[in-house]
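Step one of this worksheet: look at the structure below.
Ligands are counted one by one from 1 in listed order, and the atoms in each one are counted from 1 as well. Basis for what follows: all heavy atoms, side chains included, without hydrogens, waters or symmetry-related copies.
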Amino acid sequence: MRRRLPADVMDPFGRIVDYLRISITDRCNERCLYCMPEGYKGWESKPDHLSAEEIVRVVRVAAGLGFRKFRLTGGEPLVRRDVVDITRAMAAIPGVECIGLSTNGTRLGPLAAALHDAGLRTANVSLDALDPVIYRRVTGGDLAQVLAGIRSAVAAGFERVKLNCVLMRGVNESQLWPLAQFAAEHGLPLRLIELMPLTSTEVLTEQNFLSVADAMALLAQHDELIPQPDRRLGWGPAKYYQLRHTGGLVGFIGAMTTQHFCETCNKMRLTADGKIRPCLGDHGEFDLRETLRHAPTDAALREVLEAALLAKPKEHQFNGQYRPCRPMTAIGG
Ligand code: SAM
Ligand code: SF4
């Protein structure tokens, strides 16, 4: 007989996994070097995406199991027209303590207030450069729209707005200090994220990988970094430092180089096509959409979630010869 999980969403390694990141679309209006392979054509068809009702149903069952924190992501979640409705329905579910958003910010300007009103509490905005030319080179997008989106998010009154930057040597290391200054001026934490092998293999090379240690050394040329070992902002894995003179907070996410990185992992992912992914850096997936559409009882959905939790690997596989079977845009960051 299959081992039953305790009700408190503990995985086999003793980690409490109560955070579900939900990709509501694999589509995006940008095409970041590190996320979407050039010429990518693997889009899921619209009917293969979970509907708003299906997403909300999964959240209800997950909350019943003990999940408490939820994040809407993608692709770009704000290209989906019903994102405000999905947020509002999720916020009404008992047990849902906090809903966050990961966005490239391009559509946040007109949507921030409505999302806040619907119950969204935190927003992470990707910002890989402050130079518009470098920003366009990395993402294909328009920096001015993103800056307007960040302003709207701050004005909307979210509990927290964080900025995310993926580190790429030879691409955006010149931007790290300007980004740190910008973040400090606006009172927003900046998180610097190591590049993970989640697009075509030629994007992650020895040449363009920049470790968090190197990023820290670059910032230390401008200001002193004071460790904040007890600082946790939200549910992420960042290690925070305060800039002594500039005053800002910078978080480092060293998924590739930090020992024991996975020991505090607290999340699973739901892809836009309805697969539960226990780990970003492991190919294992569990098909919730099949259950949603063909055996749709709450008990059956709960079993899939529990099976995924039991299968959560101890650590990611990125440091071997890992080859993604889906790019990041199709998993959900
Ligand atoms: N479109 C939204 C955005 O850009 O924030 C949400 C989805 S995106 C996949 C979520 C996060 O994953 C972003 O912060 C992005 O920078 C990060 N990301 C994407 N590909 C990555 C990679 N290969 N390595 C590290 N982080 C990555
Ligand atoms: Fe789109 Fe976000 Fe991926 Fe960039 S990181 S291509 S904005 S999903």
| query | Quick one: does ligand 1 sit under 4.0 Å from the side chain of Thr103, the backbone, both or neither, non-hydrogen atoms only? | reply | backbone
If only atom types and distance count, is the side chain of [X] paired as donor or acceptor with the main-chain N or O of [Y] below 3.5 Å?
{"X": "Arg169", "Y": "Phe209", "value": "yes"}
{"X": "Thr258", "Y": "Phe261", "value": "no"}
{"X": "Glu173", "Y": "Leu210", "value": "no"}
{"X": "His116", "Y": "Ala112", "value": "no"}
{"X": "Arg21", "Y": "Met268", "value": "no"}

Check for me whether [X] has a heavy atom closer than 4.0 Å to any atom of ligand 1.
{"X": "Glu30", "answer": "no"}
{"X": "Cys28", "answer": "no"}
{"X": "Gly75", "answer": "yes"}

For [X] and ligand 1, does the shortest N/O to N/O distance drop below 3.5 Å?
{"X": "Tyr34", "answer": "yes"}
{"X": "Ser126", "answer": "yes"}
{"X": "Asn124", "answer": "no"}
{"X": "Thr73", "answer": "no"}
{"X": "Gly332", "answer": "no"}

| note | Rounded to the nearest 0.5 angstrom, the CG-CG distance for Asn208 and Leu167 is 11.0 Å
| query | List-wise, which protein N, O or S atoms are found short of 2.8 Å from atom 1 (Fe) of ligand 2? | reply | Cys28 SG
| said: As an exercise, identify every atom of ligand 1 less than 4.0 angstrom from a heavy atom of Gly74. | reply: 7 (C), 9 (C)
| task | Mark up the atoms of ligand 1 that fall under 4.0 Å of a heavy atom belonging to Leu198, in ascending order. | result | 23 (N)
| Of all heavy-atom pairs between Lys162 and Leu233, which one has the smallest distance, and what is that distance? | NZ-O, 2.7 Å
| field | Aromatic ring pairing Trp43/Tyr40, orientation class (parallel under 30°, perpendicular over 60°, tilted between) | value | perpendicular
| said: Please verify the inter-ring angle class for Phe252 with Tyr241; under 30° counts as parallel, over 60° as perpendicular, anything in between as tilted. | reply: perpendicular
| said: If the cut-off is 4.0 Å to any non-hydrogen atom of Tyr34, which atoms of ligand 2 fall inside it? | reply: 5 (S)
Nearest protein heavy atom with distance in Å, relative to [atom]:
{"atom": "atom 11 (C) of ligand 1", "answer": "Gly333 CA, 4.2 Å"}
{"atom": "atom 2 (C) of ligand 1", "answer": "Glu76 OE1, 3.5 Å"}
{"atom": "atom 9 (C) of ligand 1", "answer": "Met328 CG, 3.4 Å"}
{"atom": "atom 16 (O) of ligand 1", "answer": "Val166 CG2, 3.1 Å"}

Does one hydrophobic cluster hold both [X] and [Y], with members joined at side-chain heavy-atom distances below 4.5 Å?
{"X": "Leu50", "Y": "Val79", "result": "no"}
{"X": "Leu188", "Y": "Tyr240", "result": "no"}
{"X": "Leu249", "Y": "Leu127", "result": "no"}

| said: Looking at non-hydrogen atoms alone, which of Met36, Met196, Arg21 comes nearest to atom 24 (N) of ligand 1? | reply: Met196
| request: Verify side-chain contact (heavy atoms from CB on, under 4.5 Å) between Gln175 and Tyr135, making sure each step is shown before the conclusion. | output: CA-CA 10 Å; Gln175 298 298 293; Tyr135 182 83; over 6 Å; no
| said: According to salt bridge (Lys or Arg N to Asp or Glu O under 4.0 Å), does anything in residues 23-34 pair up with another residue at least two apart or in another chain? List the pairs. | reply: none
